[in-house]
Amino acid sequence: MNNYKLTVSHAPFWHDGDSIFQMNLNILIALLPAVIFGIIQFGTPAAGVLALSLSSAIVWEFILNITSKNKITIGDLDAAVIGLLFGMMLPATSPWWLVITGTFVAVVIGKIIFGGLGANPFNPALVGMAFLMLSWKTFFDFDTAYVNYDFDFTAFAPLATLKFQGVEAISDLFTSTDLLMGNQVGGIGSTFGLGLIIGGIYLILRGYARWEITVSFIAGIVFTAYCFNLANPGSYAGPMFHLLSGYTLLGAFFLATERSSSPVNKIPMLLYGFFAGVMIILMRNIGAYADGTILAILLFNLANPLIDTIRPKALGKGINNA
Amino acid sequence: MTKRPFFTLLKPGFNYDLVESNPEEPESIPLPDNLILLLNEPINSAKKSLIKKGDTVKKGEKLCLYDESTEYTISPVAGSISSIDIFLDDSGNTSTYLVIKKDQKETTDTITYDLKDDITSADQYLRTLPGKPPLKILATNDNKINTIVITCIDTDLLTTTSQYVASKFSNEIKEGAQILKKLTGIPKICIAVPEESNIKEKFDTMQVFETSIRYPSNFPALILKDHLNIMLSAGQAPEDVGVCFITAEAAASMAIAYKTKTAGFEKHLTVIGKQGDKHRVTATVGTSLGKIFKALDIHISNEDRIVIGCPMQGIATYTLNHPVQSDMNTILIQDKESIHQISDSACINCGKCVQICPANVPVNILVRYLEADKYEEAADKYDLESCIECGLCAYVCISKIPLYQYIKLGKHELSAFRDSSVELETANE
């Protein structure tokens, strides 16, 4: 009877069975509708860019794991998620070196040098994107990027048109239904609004994305765009246009909700989402950029540690006995 | 049973089990030949021991190690001491265990105690009664305690031991409450029962708290908050704010002990097998767990896990010889296939622990401090001591970080550090 070797470990003796691999796999699944639509819309070059982006992100992480003599962490699929999200923001005509440079910045500078998974202060995919957009601006002009394509819809980038031609131009060219169904040019995976919404809601229902951030982000955009539109309908577009164009929906459901760069307490999550949304519209309506999603989210990633200090009092702290 | 549901928009959680309306009688485990008793005092070889190997003991005899010892145990059988050795618990504290070999011939002689109507007298003999009445606290607390809460609720998941005792021995519990009132002079005695159960009806003459069936609302800190409107400050125990918790079984066994002037030794337990099958048993304090499994025909194989207490916060034992103790309510057996792995992944800041924590502890930040051994900062800024130790954070942790272990270790190290700094100060003066 004494010879049994029992397993001895620490409580709790139950676990809900979830894992980082499961979570990232679900994010990849949630991204699929928009990805498949993007490949159908923009053809083989889009598939090429996505494949290169996803694989190079994994390879960069693998190389860094080897050179830093750490545990190989590509199995948790986090690099795959970064690579896919990154590729979805690129135009289908991006050259190979642009993709590889971008994933290097995203994975290595955005994530690994801060300590890897969970330690990144910014969303890695956005760090890569911001780097490329500031360095090689011309590749992100979607009007010239798709100049050789023959679409059966208006092939102007909605936000650039708004910026340079004004509200009259967009009111004729883009209907909300067109934008929602992906009849617009833009990043490979960011044009199909309906697919992003379905994927995002799936993630929220599965508990892998925090709904507070998404809802307040959308509220911030709608509220600010509505106020601008109300003040001067002649110069500022309405909330639906802003919501369905550019990277907005990708940002709302997948970029702003990145875990380690966003807050976890209720009120901070609402503040973070709302003000990131406000900031996007400010950048679009007043700032110099056609689409401010990337920089706005990065800016609020920076504010995350500060606003996440707003939290409820822990049990027995700061309250005198009644 | 414990897996994550497919859709989890609402936060996950557990409900306490409720006792059946017409519970079966418990199965009685036969008295084994050898009983193992734990004595909460380390062996000190420099001192002359009062008991030694080979001593004969009577049923009900009080056993303590040294003249000045305040800790004692009571022998549940007549027999002889066959060994005395060091017992190491899961946090590395040493105490002592005694093995008592039962006499072959059956005797019914039991030592009767001279129990007087004051708490010190009860504390001298009844500390080890089934349910473990907190007599030491009541006797030494200099009347600071003004409320006693009798708990007819189980703090452990899956268990119905306390509720069963409450439904079967309600008269004894009421007598126990009267005895406690008389011994301590504390007028306010309340009783906590689960809502949605019929136990409440049996205690209509007392002040009743109905606790939610949602885990962990049966924890003392949360009962204080929800029903007595007392906020326990971080690091305080309920007795520091004048409330003493006593289990239903302890109250009932106090009543029986005062009636018969002898100590009781039959402990009620709920044993949960590998398939979730539940057995209600009574066993003599000191019976080894292996004997219970044998009687219930539960087969244990290598690498299985035996959990004493709640699946969320119990302890895993390393030996089948672990004895039944007077405060043990639950034994859970897990098959080796169902044991999950923990990992050394970093926190990914998913926020599930923060969402589920009943004490609003910022676990995501706290764990970073604990991993870096920054225990004082963890306590000052990130509410280490507010934790009520329910284990829910580690249950939902997607990185499978042993959060509960980090927190327990943090509290342990912190108290060790504070003790040593107090010693330093007194030495300097």
Side-chain angles (χ1 to χ4, degrees), chain A residues 1-24 71 73 76 78 115-120 202 204-212 258-266 269 304-305 308-309 311-322, chain B residues 2-4 6-9 12 221 225 229-234 236 241 290 300-307 311-321 332 334 336 339-340 342 345-351 354 359-362 364 383 386 388 391 394-396 398-400 402 404-405:
Chain A
M1 186 160 240
N2 278 325
N3 299 330
Y4 283 118
K5 286 205 170 23
L6 299 171
T7 303
V8 179
S9 54
H10 205 278
F13 304 101
W14 283 349
H15 190 270
D16 70 357
D18 207 2
S19 68
I20 296 172
F21 172 82
Q22 281 291 330
M23 178 187 68
N24 284 328
K71 203 173 71 180
T73 54
D76 62 22
D78 196 57
L117 186 65
N120 48 300
Y202 168 79
I204 288 172
L205 290 178
R206 290 296 319 267
Y208 291 121
R210 289 170 239 151
W211 63 267
E212 293 91 340
E258 201 273 335
R259 297 155 308 278
S260 84
S261 54
S262 61
V264 296
N265 291 301
K266 266 267 171 348
M269 281 197 280
N304 158 39
D308 211 14
T309 54
R311 58 181 174 86
K313 283 261 181 281
L315 193 71
K317 282 257 175 143
I319 302 161
N320 291 326
N321 287 346
Chain B
T2 62
K3 289 294 169 233
R4 185 177 199 272
F6 190 78
F7 291 119
T8 53
L9 194 59
K225 176 175 154 242
N229 211 5
I230 297 174
M231 278 289 191
L232 213 53
S233 290
Q236 266 186 330
V241 291
I300 306 287
S301 44
N302 266 332
E303 291 172 53
D304 286 351
R305 187 159 60 187
I306 298 172
V307 178
M312 301 306 282
Q313 38 142 218
I315 58 159
T317 180
Y318 56 87
T319 168
L320 286 172
N321 291 329
L332 170 70
Q334 287 183 314
K336 67 175 173 195
I339 297 174
H340 73 269
I342 54 167
S345 299
C347 169
I348 62 162
N349 208 38
C350 71
V354 176
N360 292 331
V361 175
N364 61 330
D383 308 326
S386 295
I388 60 166
Y395 169 76
V396 296
I398 194 166
S399 290
K400 300 194 170 79
Y404 180 71
Q405 186 167 4

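Throughout, a chain's letter reflects where its sequence line sits, starting with A, and its residues are numbered from 1.
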Non-hydrogen side-chain atoms of B:K400 and B:S345 separated by less than 4.5 Å | no

Pairs of heavy atoms under 4.5 Å with chain A: top-ranked of B:G391, B:S399, B:S301, B:G314 | B:G314

B:C347 versus chain A, heavy atoms under 4.5 Å apart: side chain, backbone, both or neither?
-> backbone

Kindly indicate whether the side chain of A:W14, heavy atoms from C-beta on, has any atom under 4.5 Å from the side chain of B:V307.
-> no

Side chain from CB out, backbone as N, CA, C, O: work out which of these in A:S262 comes under 4.5 Å of a heavy atom of chain B, or both, or neither.
-> backbone

Choice from B:C350, B:A394, B:G351 maximising heavy atom contacts with chain A below 4.5 Å = B:C350

Chain A heavy atoms under 4.5 Å from B:Q334: which part of the residue, side chain, backbone, both or neither?
-> side chain

Region of A:K71 in contact with chain B, defined by heavy-atom distances below 4.5 Å | side chain

Contact origin within B:P402 toward chain A - heavy atom pairs under 4.5 Å = neither

Criterion side-chain contact (heavy atoms from CB on, under 4.5 Å) on A:R206 and A:M23, from CA distance to verdict = CA-CA 9 Å; A:R206 290 296 319 267; A:M23 178 187 68; over 6 Å; no

Could you look at B:V354 and say if it's the side chain, the backbone, both or neither that has a heavy atom under 4.5 Å from chain A?
-> side chain

Write down the atom of A:Q22, the atom of A:D18, and the distance for their closest heavy-atom approach.
-> CB-OD1, 3.6 Å

Whatever's closer than 4.5 Å to a heavy atom in chain A on B:D383 counts as both

What is the minimum heavy-atom distance between A:M269 and A:P263, and which atoms define it?
-> CG-O, 3.3 Å

Considering only heavy atoms and a distance below 4.5 Å, find which of B:I306, B:I342, B:I388, B:I300 pairs most often with chain A.
-> B:I300

Heavy atoms only, distances under 4.5 angstrom: which of A:G115, A:G118, A:G116 has the most pairs with chain B? Name it, please.
-> A:G118

Do A:S260 and A:N120 have side-chain N/O donor and acceptor atoms under 3.5 Å apart?
-> yes

Which atoms of B:I315 come close to chain A, meaning under 4.5 Å heavy atom to heavy atom: side chain ones, backbone ones, both, or neither?
-> backbone

A:P12 to B:H340 - nearest heavy-atom pair and separation = O-CE1, 3.6 Å

When rounded to the nearest 0.5 Å, the distance separating CD1 of B:I398 from CG of B:N349 is 12.0 Å

A:R259 versus B:I348, closest heavy-atom pair with distance | CB-O, 3.2 Å

Measure distances from B:K336 to the heavy atoms of chain A and classify the residue's part below 4.5 Å as side chain, backbone, both or neither.
-> neither

